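This report refers to the structure that appears directly beneath it.
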Amino acid sequence: MVSTPAPARAAGAPLPRGTGPPHPRPARAPGGAAPAGRGKAALTRRLAAALDGHAPPPPAATPRRTGRQLAAPVDGGAVIPEGQRCSQVLREFFVREIGPGFHFDAFMREYVAQGAGRTLDEAVAHWHATRRQAAEPQPVGAQFEFNRFLRDWHSRHPGGARTEALAAWRDHRSRPRG
């Protein structure tokens with residue numbers, strides 16, 4: 001049987017019917033984000049299992065954060081409720097109390113997530129107590145492989161250009177993994 005090459009299609013043009021993904025795409029969460037538990041690391045685990053002939057790993061259970069969120073106006077005596085998110089209400093409070101240099105770094109995100117029952121004044125004290133540690137280089141999470149690669153590459157090549165780093169990244173990604 002002789003096959004003929006598919007006709008060229010313009011970039012961004014839809015694929016002909018029947019040539020798209022074999023399964024429907026998963027539904028997107030509001031705002032276009034992928035559903036919880038369907039990140040790059042989870043996809044990598046599912047693909048590895050499929051290629052190795054194993055059953056896919058069970059989806060990771062994601063805790064549901066429900067409950068009351070702090071609403072403006074808040075003061076230092078406000079108690080962080082269970083499931084509080086790093087909201088604009090908190091950001092406004094912290095910028096007012098700490099100054100314009102405030103941002104939700106890993107230390108503050110964890111404090112808010114695990115800080116149920118503590119006050120916002122205690123959170124401000126935590127911010128100040130963690131500034132020295134926050135100024136040190138922090139490990140980059142596995143889901144940020146590109147960022148981690150660039151940080152490592154630039155530490156080995158301090159005067160290296162971005163184009164060189166990107167070429168090294170493409171070379172790194174083209175190699176088989178083991």
Side-chain angles (χ1 to χ4, degrees), residues 29-48 57-173 175 177-178:
R38 300 214 179 159
K40 189 174 184 179
L43 175 62
T44 301
R45 287 190 299 275
R46 290 195 312 272
L47 286 171
T62 55
R64 287 281 174 197
R65 293 187 179 184
T66 59
R68 182 181 66 83
Q69 299 289 302
L70 290 175
V74 294
D75 60 19
V79 176
I80 300 171
E82 183 71 35
Q84 176 65 44
R85 292 184 294 275
C86 296
S87 65
Q88 290 302 315
V89 170
L90 288 186
R91 181 181 310 280
E92 290 167 7
F93 169 78
F94 290 132
V95 167
R96 188 172 64 243
E97 295 296 315
I98 295 168
F102 171 79
H103 57 279
F104 282 112
D105 60 9
F107 298 104
M108 286 303 285
R109 288 191 305 267
E110 182 179 357
Y111 190 88
V112 170
Q114 306 300 323
R118 298 177 186 161
T119 66
L120 293 182
D121 278 340
E122 292 172 306
V124 169
H126 175 76
W127 165 267
H128 292 296
T130 58
R131 292 309 87 202
R132 182 174 295 133
Q133 189 179 1
E136 297 172 5
Q138 302 297 315
V140 180
Q143 72 272 31
F144 303 113
E145 180 183 4
F146 177 69
N147 298 12
R148 192 173 58 238
F149 177 87
L150 287 181
R151 177 186 279 185
D152 294 344
W153 189 88
H154 279 292
S155 70
R156 291 188 313 272
H157 307 90
R162 177 176 169 75
T163 55
E164 295 170 319
L166 294 176
W169 167 251
R170 284 190 284 279
D171 178 59
H172 169 75
R173 292 295 290 174
R175 297 172 187 235
R177 302 190 187 212

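A quick note: this is a predicted structure, and the numbers were derived from the prediction, not measured.
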Quick check: does any side chain N or O of Glu122 sit under 3.5 Å from a backbone N or O of Thr119, one acting as donor and the other as acceptor? yes

Gap between atom CZ of Arg170 and atom CZ of Arg173 - 0.5 Å precision: 12.5 Å

Using the side-chain contact (heavy atoms from CB on, under 4.5 Å) rule, take Trp127 and His103 through it: C-alpha gap first, then chi angles, then the decisive distance, then the call. CA-CA 10 Å; Trp127 165 267; His103 57 279; 3.8 Å; yes

Quick one: ring pair (Phe, Tyr, Trp, His ring centres under 6.0 Å) partners of His172, sequence neighbours excluded? Phe149, Trp169

To check you understand the geometry: which heavy-atom pair defines the closest contact between Ala168 and Trp153, and what is its length? CB-NE1, 3.4 Å

Verdict with supporting geometry, His128 and Val124, side-chain contact (heavy atoms from CB on, under 4.5 Å): CA-CA 7 Å; His128 292 296; Val124 169; 3.8 Å; yes

Please check if atom CZ in Phe144 has more than 12 non-hydrogen atoms from other residues, nucleotides or ligands closer than 6.0 Å. no

Check this for me: Arg156, atom CZ, are more than 12 non-hydrogen atoms of other residues, nucleotides or ligands nearer than 6.0 Å? yes

Any Lys/Arg nitrogen of Arg175 or Asp171 sitting under 4.0 Å from an Asp/Glu carboxylate oxygen of the other? yes

Shortest non-hydrogen pair, Phe107 vs Ala134, comes out as CE1-CA, 3.4 Å

Run the side-chain contact (heavy atoms from CB on, under 4.5 Å) check on Tyr111 and Asp105 step by step: do they pass? CA-CA 10 Å; Tyr111 190 88; Asp105 60 9; over 6 Å; no

Show the numbers, then the answer: is there a side-chain contact (heavy atoms from CB on, under 4.5 Å) between Val89 and Gln69? CA-CA 9 Å; Val89 170; Gln69 299 289 302; over 6 Å; no

For the CD atom on Glu164, are there more than 12 heavy atoms of other groups (residues, nucleotides or ligands in this structure) within a distance under 6.0 Å? yes

Shortest non-hydrogen contact between Ala78 and Leu70, atoms and distance: CB-CD2, 4.4 Å

So that I can tick it off, tell me whether Arg96 and Asp75 are bridged by a salt bridge, with the cut-off set at under 4.0 angstrom between side-chain N and carboxylate O. no

Ring-plane angle category for Phe94 and Phe104, please: parallel below 30°, perpendicular beyond 60°, tilted otherwise. perpendicular

Would you say the side-chain atoms of His154 pair up with the backbone N or O of Asp152, donor to acceptor, closer than 3.5 Å? no

If you take all heavy atoms of Pro81 and Arg68, which pair is closest and at what distance? CG-O, 3.3 Å

Exercise: identify the closest heavy-atom pair between Leu90 and Val112: CD1-CG1, 4.0 Å

Testing the basics here: between Gln84 and Ile80, what is the closest heavy-atom pair and its distance to 0.1 Å? CB-CG2, 3.7 Å

Rounded distance (nearest 0.5 Å) linking atom CE of Met108 with atom CD1 of Ile98: 5.5 Å

